[in-house]
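Comments concern the structure below.
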Amino acid sequence: MMKTAGIHHISAIVGDPQENVDFYAGILGLRLVKKTVNFDDPGTYHLYFGDEAGSPGTIMTFFPWPSDFRGRIGDGQVGVTSYVVPEGALSFWAARLEEFAVPFIEVERFGEQYLQFDDPHGLHIELVARKEGENSKWSFGEVTPDVGIKGFGGATLYSSSPQQTADVLTNLMGLELVAREGDYVRYKAPAEIGNIIDLKIVPGRHGAMGPGTVHHIAWRAKDQTEHLQWQKHVMNNGLHVTDVKDRNYFDAIYFREPGGILFEIATDPPGFAIDETSQMMGSQLMLPPQYEHMRAQLESKLPPIQVRVLEK
Ligand code: ZN
């Protein structure tokens, strides 16, 4: 029986890259840990945000496609991405969202309070306060470690075949069913963050991929040896899985679970300090070796972006 520790990263498609940076760094106070290109389409950015080190379980990555076109959140996708903050920090966040004119609602699920809002391109995001998980060491303006996002709380999955997705979560990924409430079943993985998965058990409308939707959710493998075991394990469960892809900061395999959601399994090592020092992470455009010869061309084509303090 194999067990993932929890979420490694979540990757989404968004619109304008500066709007993306302003929201996740400028308002949510996450660190832009890596500025690179989409390895499958190097003329566009791939931006990674996380804690100070870009630790597994904290990394949200974005493919900006600047256009007015929007995808549709629905079945076959991660519907909501949850971030976890320290206990007692939700009132700070309610005030901060108000200051930046981000509309939010308060909801309760499984006895926990959530602040729910959308990012500028329509992604559903929520904040929940929990004791588990170390505080981030990253500070950005008023977002200090005592209130800052620690990483993912988890995610809510919208499946077009919830029973089959439930089977994959427990039998393949090794999550444990811990609670049922209304339209949701809650699963738990062993890590302290990125470990709570809520599955919506009533199917709705199919999602359509595009800006404002999650592209895939990646689960953790502890090293390359375990990663290869995962690949075999997915195959043995009768699902088609890709070859191992070298993503520079981790190795990746992908498979689509029967409810339509694209799953990835990614290795914890080597991480984001492999090509620049921890101090410099995110400050310059980093290219994988196969695109280094195109640097001048790519730098002139990509729109300039910067992490900046926003006016309230
Ligand atoms: Zn990924």
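Just so you know, ligand 1 is whichever comes first in the structure, and atom 1 is the first atom listed for that ligand. Everything quoted here is computed from the prediction, not taken from an experiment. Below, all heavy atoms of this structure are taken into account, side chains as well, without hydrogens, waters or symmetry copies.
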**Asked** Taking everything shown except Arg205 itself, do over 12 heavy atoms lie less than 6.0 Å from its CZ?
**Response** no
_Single-linkage hydrophobic cluster, 4.5 Å side-chain cutoff, Ile59 and Val84 together_ = no
Answer with yes or no whether the side chains of Thr36 and His46 bring together a donor and an acceptor at under 3.5 Å. no
Checklist line | Side chains of Glu264 and His8, donor plus acceptor under 3.5 Å | finding: no
Salt bridge or not for Asp183 and Arg109, using N-O below 4.0 Å? no
Q. In terms of side-chain geometry, is the basic nitrogen of Glu176 or Lys3 positioned less than 4.0 Å from the acidic oxygen of its partner?
A. no
With a cut-off of 2.8 Å, strictly less than, protein N/O/S atoms near the Zn ion (ligand 1) add up to 3
